[in-house]
Structures are given as structure tokens and as C-alpha cells.
**Q** 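Before I ask anything, let me first share the structure, which is written out below as C-alpha cells.
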Amino acid sequence: MKLLLDAGNTRVKWRLLDTAGQRCAEGAAAHEDLSALAADCARWAPEQALGCTVASEALGARIAACLPPSVAMAWQWPQAQCAGVTCQYDTQRLGADRWMALLGAWGRTPGAKVVAAAGTALTVDALSADGVFLGGTIAPGLQLMRDSLAQGTARLGRPDGEYQDFPHTTADAIYSGCLNAMLAPIMLCVQRMQALGPAPTVYLTGGDANLVARHLPLDCQIVDNLALDGLARITRP
């Protein structure tokens with residue numbers, strides 16, 4: 001039994017696989033309460049644990065406390081090459097979750113890909129048809145953008161709005177503007193990839209993936225926990 005785990009900025013996601021690589025359980029929890037992870041580990045007793053993290057060492061220690069006593073978490077980090085993907089990004093500064101999501105995307109379909117992870121931050125990464133990670137961008141996620149407006153202005157605040165093409169209220173203008181600021185880098189990345197060759201497949205992952213997909217004027221595929229797919233790929237013999 002294997003445990004795969006992705007420790008993000010706000011949530012921990014995990015998946016348990018049996019010896020045949022079949023999914024037995026999957027879950028997610030906020031940093032503050034990892035009782036569900038501990039319960040899954042107690043029930044399934046994984047013998048191996050692989051993970052990627054962008055979170056603190058303190059959270060890593062709390063995750064380790066959820067594992068069986070004989071199992072240590074083997075944290076995985078970006079490499080120059082792994083599982084068919086070559087990295088042109090500075091591996092010392094690349095988030096492990098971004099790298100694992102790229103490995104997961106590479107294993108799904110042939111051809112070029114754009115991988116957008118819409119969580120606390122929005123990352124948009126380009127993967128060529130021959131498996132080269134060309135690079136990508138990082139921007140604030142939806143909540144961070146809305147929070148920054150509330151904190152940096154005297155009167156805007158953080159009202160709840162709805163998406164509108166042409167907003168008529170400040171609440172809708174803030175919400176629509178922040179969401180548009182998430183759509184733009186995805187669309188730009190796709191355009192730049194199309195200039196290099198056939199149109200890429202667009203994968204969306206992260207907590208706001210469904211929201212982005214509803215408004216993105218492009219064909220896309222939502223893949224939950226794409227980083228866990230990447231971890232699964234590197235555990236295969």
C-alpha cells in the first residue's frame with residue numbers, strides 16, 4: 001500500500017494505492033485538522049509514503065505524525081529530468097507541486113499541454129509536445145487578489161459579487177476583474193504555445209478549477225489532484 005500526498009498552501013491532499021496501483025481512498029483537509037489523513041493511514045496502513053510540499057516544516061512534522069511509526073515520508077523535489085519530462089525551469093526555485101502536476105499531465109495524452117493550477121496562487125505552465133517544460137507564470141489566486149484590493153484601498157472592501165461581462169456594481173466589478181486576471185495568463189500561454197505548433201491541451205486543477213473553466217473561452221479538461229497523478233507516475237516500476 002502506498003500513500004501519495006500533496007501539501008499545498010492551504011490544504012493537504014492524499015491518495016492511497018494498493019499493490020496493483022488501484023485507488024483505495026482519497027481525501028483532502030485543511031492544515032488545521034489532519035484527523036481524516038490519520039484515520040485513512042490507520043485504516044489502510046501504507047508501507048510507503050511519497051509526497052510533494054510547498055508548506056512549512058511544521059506542517060511536515062504534523063503529516064509525519066499521521067503515518068504508521070515505521071513509515072517515513074519521502075518528499076519528492078523537481079529534477080532536471082523525470083518520467084519523460086525535461087525541465088528548463090530553475091529546479092531550485094520550482095515548486096514541487098507544479099513539477100508533479102506537469103508529470104501527471106504528461107502521462108495523460110500526447111501533444112503539447114498548458115497546465116493551470118488555480119489555488120491559493122495561479123500557476124500556468126507550458127509543456128511542449130516532446131516533453132520539455134518550457135516555463136510558466138505565477139500570479140495571485142482569486143482570494144488573494146480580492147484580499148489585496150481590500151487591504152490596499154480605503155473604500156473598496158471585500159464585497160461579494162458575481163461575474164459579469166460588463167459589471168454595473170463595484171462588487172461585481174471586483175469579482176469579475178479578479179477572475180479576468182486569472183483567465184488572461186491561461187489564454188496568453190495557449191496563444192504562445194499555438195505559435196510554436198498545434199494547439200495544446202489545457203488542464204485545469206486546484207480548488208478554483210471549476211470556476212475558471214466556466215468562464216475560460218477555451219476547451220479545457222479539469223483534473224482533480226493532478227500532482228498526485230504525477231507522484232503515482234514516479235512510483236511505477
Side-chain angles (χ1 to χ4, degrees), residues 1-79 82-83 91 93-108 115-123 138 140-144 147 203-212 222-237:
M1 186 72 67
K2 297 175 183 177
L3 170 69
L4 310 177
L5 185 141
D6 172 19
N9 288 301
T10 56
R11 295 193 306 155
V12 175
K13 288 81 68 179
W14 65 88
R15 181 181 299 165
L16 284 143
L17 304 178
D18 63 18
T19 54
Q22 297 302 306
R23 190 177 310 184
C24 298
E26 188 161 314
H31 290 185
E32 294 75 21
D33 183 4
L34 299 182
S35 57
L37 171 62
D40 271 354
C41 288
R43 177 184 179 187
W44 297 101
E47 298 167 325
Q48 291 180 278
L50 283 82
C52 59
T53 182
V54 294
S56 66
E57 292 184 7
L59 180 64
R62 292 180 55 225
I63 290 170
C66 297
L67 304 178
S70 61
V71 177
M73 178 64 69
W75 295 112
Q76 304 298 304
W77 304 103
Q79 304 174 37
C82 182
T91 56
R93 304 298 299 173
L94 174 62
D97 55 344
R98 290 173 68 190
W99 178 241
M100 291 304 157
L102 286 160
L103 298 187
W106 179 245
R108 298 184 71 85
V115 180
T120 304
L122 170 70
T123 59
I138 305 173
L142 182 63
Q143 182 169 324
L144 281 180
D147 288 345
Y203 291 113
L204 300 180
T205 191
D208 282 333
N210 285 285
L211 174 63
V212 171
I222 298 173
V223 184
D224 292 332
N225 298 326
L226 193 52
L228 297 181
D229 292 348
L231 284 166
R233 289 196 68 224
I234 65 175
T235 67
R236 295 172 188 159

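Basis for what follows: all heavy atoms, side chains included, without hydrogens, waters or symmetry-related copies.
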**Q** Would you give the length of the straight line joining atom CD1 of I234 to atom CG of L50, rounded to the nearest 0.5 angstrom?
**A** 5.5 Å

**Q** Can you see which heavy atom on L3 is nearest to which on C41, and at what distance?
**A** CD2-SG, 4.0 Å

**Q** For A118, enumerate each residue passing the side-chain contact (heavy atoms from CB on, under 4.5 Å) test, keeping only those at least two apart in sequence or located in another chain.
**A** L122, M182, D208, V212

**Q** Do L226 and R108 make a side-chain contact, defined as non-hydrogen atoms from C-beta onward lying under 4.5 Å apart?
**A** yes

**Q** Which heavy atom of W44 sits nearest to which heavy atom of A25, and what is that distance?
**A** NE1-CB, 3.6 Å

**Q** Closest approach of R98 and T123, non-hydrogen atoms and distance?
**A** CD-CG2, 3.7 Å

**Q** Scan residues 35-63 for pairs that pass salt bridge (Lys or Arg N to Asp or Glu O under 4.0 Å), counting only residues two or more places apart or in two chains.
**A** none

**Q** Quick check: does any side chain N or O of T91 sit under 3.5 Å from a backbone N or O of P78, one acting as donor and the other as acceptor?
**A** no

**Q** For P46, is there any backbone N or O sitting under 3.5 Å from a side-chain donor or acceptor partner on Q48?
**A** no

**Q** With sequence neighbours left out, write down each residue that passes side-chain contact (heavy atoms from CB on, under 4.5 Å) with C66, or none if nothing qualifies.
**A** L34, L37, A38

**Q** Going by the rule salt bridge (Lys or Arg N to Asp or Glu O under 4.0 Å), which residues pair with D224 if we only count those two or more places apart in sequence or in a different chain?
**A** none

**Q** Not counting sequence neighbours, which residues clear side-chain contact (heavy atoms from CB on, under 4.5 Å) with L144? List them please.
**A** T120, P140

**Q** Going by side-chain contact (heavy atoms from CB on, under 4.5 Å), name the residues that satisfy it together with T53, two or more places apart in sequence or in a different chain.
**A** A7, A55, W75, W77

**Q** Which pair of heavy atoms, one from G95 and one from V54, lies closest together, and at what distance?
**A** CA-CG1, 4.3 Å

**Q** Could you report the tightest heavy-atom contact between L142 and L211, atom names first, then the distance?
**A** CD2-CD2, 3.4 Å

**Q** Return all side-chain donor-acceptor pairs below 3.5 angstrom for residues 99-106, not counting sequence neighbours, or 'none' if the list is empty.
**A**
none

**Q** I'd like to check L17 versus R23 (side-chain heavy atoms, cut-off strictly below 4.5 Å). Are they in contact?
**A** yes

**Q** Could you check whether any side-chain N or O of R233 sits under 3.5 Å from a backbone N or O of A83, counting only pairs where one atom can act as donor and the other as acceptor?
**A** yes

**Q** Quick one: list whatever passes side chain to side chain donor-acceptor pair (under 3.5 Å) with T19, sequence neighbours left out.
**A** none

**Q** Which pairs pass salt bridge (Lys or Arg N to Asp or Glu O under 4.0 Å) with one or both residues in residues 3-20, sequence neighbours excluded?
**A** D6-K13, R15-E26, R15-D229

**Q** Do the side chains of M73 and L67 get nearer than 4.5 Å, heavy atoms only?
**A** yes

